[in-house]
Amino acid sequence: MTGLLMFLLLIALIVWGLNRNHRRQAPPRMSGSFDVEDRDASRIRAEAAAHRDEVDRLEFQIAAAPRTRHHVLRA
């Protein structure tokens, strides 16, 4: 019985010490810089712009394609 009481007292002291130590710490903050550039977002924007330019160029090529002999004969 005495051994059980000593064990519970030891556990209670450990828990009290850990809680006391935890409260003394500064509030958690994010480590590192806060002005980080999101490289994924800028890469996706650049890829989307390149894709738009490619689609516009292809549409222009299709619209400006030379007429075939079949179209020339019918006109």
Side-chain angles (χ1 to χ4, degrees):
M1 184 72 175
T2 305
L4 181 61
L5 288 174
M6 294 300 259
F7 179 72
L8 291 176
L9 178 64
L10 179 65
I11 296 295
L13 287 173
I14 291 173
V15 169
W16 175 76
L18 290 174
N19 280 335
R20 184 172 179 258
N21 186 34
H22 182 70
R23 276 187 249 129
R24 285 184 166 184
Q25 293 177 353
R29 292 187 304 234
M30 191 168 126
S31 300
S33 301
F34 292 99
D35 57 344
V36 177
E37 176 188 358
D38 188 6
R39 294 185 298 168
D40 287 336
S42 59
R43 180 183 55 81
I44 290 171
R45 277 191 221 101
E47 287 179 359
H51 181 68
R52 277 193 304 269
D53 292 344
E54 184 178 340
V55 168
D56 290 344
R57 187 170 21 94
L58 287 175
E59 287 176 357
F60 175 75
Q61 287 176 351
I62 291 171
R67 302 184 97 178
T68 61
R69 193 177 87 191
H70 178 70
H71 288 103
V72 173
L73 292 176
R74 289 183 115 192

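What you see is a predicted model, and the numbers here were worked out from it, not measured in a lab.
- Rounding to the nearest 0.5 angstrom, the gap separating the CG atom in Leu13 from the CG atom in Leu18 is 11.0 Å.
- If you take CD1 on Ile14 and CG on Asn19, they are separated by 12.0 Å, rounding to the nearest 0.5 Å.
- For Glu47, the salt bridge (Lys or Arg N to Asp or Glu O under 4.0 Å) partners two or more places apart in sequence, or in a different chain, are Arg43.
- Rounded to the nearest 0.5 Å, atoms CG (Asp40) and CD1 (Ile44) are 6.0 Å apart.
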